[in-house]
Number of protein chains: 2
Amino acid sequence: MSDSKKKKDNVTLAQVAELAGVSKMTASRVLRKASGFSQNTHDRVMRAVEELGYVPNRLAAAFGSDKASTLIGVCVPRLTSGMFGSVLDSIDHTLSRLGYQTIIGSHEQVPETEEAWLTTILSWRPAGVILSGRTHTPTVLEMLRDQAIPVVEIWNLNTSPIDISVGFNHFDCGHEMGRYMVSRGCRNVAFVGAEANTPGMGMVRFDGFMEALEASGGHLATREVLIDRPGFYAGYYGTETVLSRRGDLDGIYYQEDNMAVGGLFYCQSKGLSVPDDISIAGWGGMEVASVLPKRLTTTSVATQALGKTAAEALIARIRGEPVQDVIVAPTRLVPGSTV
Amino acid sequence: MSDSKKKKDNVTLAQVAELAGVSKMTASRVLRKASGFSQNTHDRVMRAVEELGYVPNRLAAAFGSDKASTLIGVCVPRLTSGMFGSVLDSIDHTLSRLGYQTIIGSHEQVPETEEAWLTTILSWRPAGVILSGRTHTPTVLEMLRDQAIPVVEIWNLNTSPIDISVGFNHFDCGHEMGRYMVSRGCRNVAFVGAEANTPGMGMVRFDGFMEALEASGGHLATREVLIDRPGFYAGYYGTETVLSRRGDLDGIYYQEDNMAVGGLFYCQSKGLSVPDDISIAGWGGMEVASVLPKRLTTTSVATQALGKTAAEALIARIRGEPVQDVIVAPTRLVPGSTV
DNA sequence: ATCGAATAGGTTACCGGTAACGCAATGCAT
DNA sequence: ATGCATTGCGTTACCGGTAACCTATTCGAT
């Protein structure tokens with residue numbers, strides 16, 4: 001149908017302009033919906049675009065103007081996690097709806113990996129970046145300052161953000177769960193976490209948890225933070241460890257739900273009754289928590305809302321609209337039947 | 001420390017060249033590790049880069065040469081799935097290691113969404129794209145042909161790919177599981193799937209499963225394909241449906257593991273014994289399958305290998321190295337204790 | 001009728017790299 | 001000593017848009 005050979009030479013704006021009988025600049029104005037053209041001109045340009053099958057070259061646009069970039073860098077701890085997957089999904093949908101494209105990266109909780117990623121991404125002159133966590137290398141801070149680029153830090157609440165922060169209050173999550181577990185009769189509890197070498201926000205929840213325990217009469221009997229990534233396995237084996245260490249536990253708080261589920265199955269395999277013999281609580285409100293024979297007691301977190309809010313805040317800042325600097329994404333303790 | 005003001009004017013290659021006492025072109029050659037410079041020149045340029053803190057502008061490079069783009073577009077069905085998350089993670093790591101950046105998108109199994117994404121992405125003149133599934137709109141095919149851009153289709157095996165295909169043999173997966181279930185005594189089985197409106201590869205597995213059933217003496221009693229996305233919930237309620245429809249089932253094959261786990265819990269809640277009363281099998285080899293009280297019978301699939309292979313094949317093609325057109329990623333039936 | 005502002009559109013220069021080409025100096029075989 | 005290939009490096013043009021600036025027309029108000 002079309003006259004495409006091996007590799008069709010891309011149609012340029014100049015060709016569109018020529019066919020429409022206007023200058024490049026006018027065609028550019030029409031396509032960017034800027035002002036300064038008549039309805040008649042608009043129609044002629046659009047017809048030419050249609051006829052030639054013009055595909056704009058954003059590379060050229062972004063290069064020529066440095067305001068025209070619609071690239072957003074997003075760096076999360078890992079892509080394999082359902083939680084971050086959900087956040088990323090939400091970010092990408094929102095950005096895409098607003099006309100931006102997402103370049104991703106994962107830092108695996110290592111600040112130097114984030115730095116390497118940022119160095120590369122900045123060479124694409126993105127319109128903004130979304131980082132996660134609040135641990136950044138000095139170089140990262142310096143680069144972001146030098147580029148004066150909009151930044152959103154997500155996941156954790158950060159009261160003095162680089163630019164904008166949208167996150168959960170992990171401390172409060174842990175605190176609330178601590179109080180709840182004590183109120184349900186837990187006295188001798190353990191914490192099971194993961195990623196000991198590169199602690200993420202799980203440790204902040206632990207801090208809140210500890211504070212609540214101490215304030216309300218509970219006691220941290222032991223804790224086990226595995227080197228592995230959080231997940232079912234880690235929860236399973238972490239539970240084995242803490243139980244073998246202390247036989248008198250009456251509750252375990254896990255870094256997140258998958259670990260809690262792993263723990264739940266471990267307890268089940270040992271004939272321990274939950275919550276009669278031992279209570280179990282997680283964090284995240286992952287889907288699996290709700291189809292278990294016993295609904296897992298957990299903190300449900302709004303990952304979709306977090307992503308959407310973060311993306312919208314970033315674009316608002318890019319467009320120069322007013323934005324709140326610190327936004328707390330909602331979390332909610334959901335009592336199940338495991339505490 | 002540095003003299004950064006509000007917004008540091010970016011250091012350009014010209015400044016680097018001037019400081020090194022060479023021409024822009026020579027500096028460019030050094031940085032691209034092209035040939036045509038002496039060791040002495042190389043050192044001087046590198047010292048100038050160091051001193052000025054030069055950050056290359058890939059936008060300009062990619063724009064000026066159209067061979068220099070290191071942007072790769074990757075479009076998956078969804079980002080929230082652990083399986084696709086794992087593939088994406090693997091792709092991103094591999095691309096990053098090879099010096100490329102990943103722009104993502106998700107199409108939710110709707111070809112038109114993929115088309116819209118591709119249109120946008122092509123305006124960035126990427127070095128290549130990775131798509132998933134084999135359902136593409138005619139416009140997508142035309143655009144890819146016109147741009148003559150390297151393409152890898154992942155996830156499903158495709159014997160006549162647009163360019164390169166790296167995928168699982170879903171048909172064989174289903175076929176193998178069908179034979180296995182019959183060999184373990186299943187006769188009257190059901191299939192529970194998801195995404196009825198936009199079927200993905202789960203349906204191909206079903207086709208293979210059916211063929212095996214018919215060939216080996218089994219019988220498909222009923223099937224339920226939910227509108228929802230695959231997941232624990234969908235599996236739970238899908239199981240309720242097929243069991244209420246047919247009380248005489250002795251086996252259920254699920255589109256994937258999370259659904260199977262949901263089904264397992266449903267059976268458990270109804271006092272059905274697995275596998276004595278009913279057998280359950282999934283697909284995917286997700287982590288949760290191995291910490292369950294009963295190890296789920298499933299097909300383990302190499303998502304990491306799939307991603308890595310796909311990324312490597314794409315880059316090889318971009319670099320003009322020889323590549324196999326059709327690559328099958330390994331899958332393996334893993335007997336558990338649920339069949 | 002006159003004037004200033006608003007509107008429509010063109011011209012020029014430039015963003016920061018890279019490809020293509022050219023040329024001098026060097027090395028090596030005859 | 002001569003011829004020729006190789007190496008090292010500079011010059012020029014260009015990629016495809018956009019910003020900044022400028023001109024000509026139109027229009028309403030005085």
Side-chain angles (χ1 to χ4, degrees), chain A residues 7-46 48-49 52-71 120 122-127 147, chain B residues 7-46 48-49 52-71 120 122-127 147:
Chain A
K7 172 153 190 162
K8 177 153 72 182
D9 271 350
N10 281 310
V11 179
T12 71
L13 189 59
Q15 295 170 42
V16 171
E18 190 181 0
L19 181 59
V22 297
S23 71
K24 253 172 56 171
M25 200 56 221
T26 298
S28 172
R29 281 192 268 253
V30 170
L31 289 177
R32 281 177 295 133
K33 300 183 178 71
S35 59
F37 52 85
S38 65
Q39 183 62 43
N40 182 2
T41 303
H42 170 272
D43 295 347
R44 288 219 314 284
V45 170
M46 294 314 269
V49 164
L52 296 173
Y54 171 66
V55 176
N57 184 336
R58 280 168 197 257
L59 230 36
F63 167 60
S65 117
D66 80 63
K67 285 189 199 13
S69 172
T70 55
L71 245 26
T120 303
L122 286 181
S123 73
W124 285 105
R125 306 290 186 265
Q147 300 286 325
Chain B
K7 173 154 191 163
K8 177 153 74 183
D9 270 351
N10 282 309
V11 179
T12 71
L13 188 58
Q15 296 170 41
V16 171
E18 190 180 0
L19 180 59
V22 297
S23 71
K24 255 171 57 171
M25 200 57 221
T26 298
S28 172
R29 280 190 271 251
V30 170
L31 289 176
R32 279 178 297 131
K33 300 184 178 70
S35 58
F37 53 86
S38 65
Q39 183 62 42
N40 182 1
T41 303
H42 170 270
D43 295 346
R44 288 219 314 286
V45 169
M46 293 315 270
V49 164
L52 295 173
Y54 171 67
V55 177
N57 184 337
R58 279 168 200 259
L59 229 36
F63 168 59
S65 118
D66 80 61
K67 285 189 201 9
S69 173
T70 55
L71 247 24
T120 303
L122 287 181
S123 73
W124 285 105
R125 306 292 189 264
Q147 300 286 325

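Within every chain, numbering begins at 1; the chains are lettered A, B, ... in the order of the sequence lines, protein sequences first and strands thereafter. Bear in mind the structure is a predicted one, so any value in this text is a computation, not a measurement.
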- Under the side-chain hydrogen bond (donor to acceptor under 3.5 Å, both in side chains) test, residues paired with B/Ser65 that sit two or more places apart: none

- Note on the structure: Between the OG1 atom in B/Thr26 and the CZ atom in B/Arg44, the distance rounded to the nearest 0.5 Å is 9.5 Å

- Have a look at A/Ser23 and say if it touches a base, only the backbone sugar-phosphate, or nothing, with a 4.0 Å heavy-atom cut-off. base

- Mind telling me whether A/Phe63 and B/Phe63 have parallel, tilted or perpendicular rings, with 30° and 60° as the class edges? tilted

- How large an angle, rounded to 10°, do the end axes of the helix from C/dA1-D/dT30 to C/dT30-D/dA1 enclose when each is built from five base pairs? 30°

- Does the side chain of B/Arg125 reach to within under 4.5 Å of the side chain of A/Asn10, using non-hydrogen atoms? yes

- Note on the structure: Separation between CG (A/Leu71) and CG (B/Leu71), nearest 0.5 Å, reads 6.0 Å

- Item | A/Thr12 and A/Lys24, any side-chain heavy atoms less than 4.5 Å apart | no

- Message: Measuring from atom NE2 of B/His42 to atom OG of B/Ser38, what distance do you get when rounded to the nearest 0.5 angstrom?
- Response: 10.0 Å

- List for me each residue that meets side-chain hydrogen bond (donor to acceptor under 3.5 Å, both in side chains) alongside A/Ser123, sequence neighbours excluded, and say none if there are none. B/Arg58

- Message: So, does A/Thr26 get its side chain near the phosphate of C/dG9, meaning an N or O under 4.0 Å from OP1 or OP2?
- Response: no

- Can you list the residues that meet the side chain to side chain contact (heavy atoms under 4.5 Å, CB included) rule with A/Ala62, with sequence neighbours excluded? A/Ser69, B/Leu59, B/Trp124

- Whichever of B/Ala60 and B/Arg29 has its nearest DNA chain D nucleotide further upstream toward 5': B/Arg29

- Query: Do you know the tightest heavy-atom contact between B/Phe37 and B/Arg29?
  - Reply: CE2-O, 3.6 Å

- Query: NA contact type, B/Lys67, heavy-atom cut-off 4.0 Å: base, sugar-phosphate, or nothing?
  - Reply: nothing

- First contact, last contact: which nucleotides of DNA chain D are these for chain A, 5' to 3', heavy-atom distance under 4.0 Å? D/dG16 to D/dA20

- Task: For DNA chain D, determine which residues of residues 31-45 of chain B have any heavy atom closer than 4.0 angstrom to one of its atoms, and list them numerically.
- Result: B/Gly36, B/Phe37, B/Ser38, B/Thr41

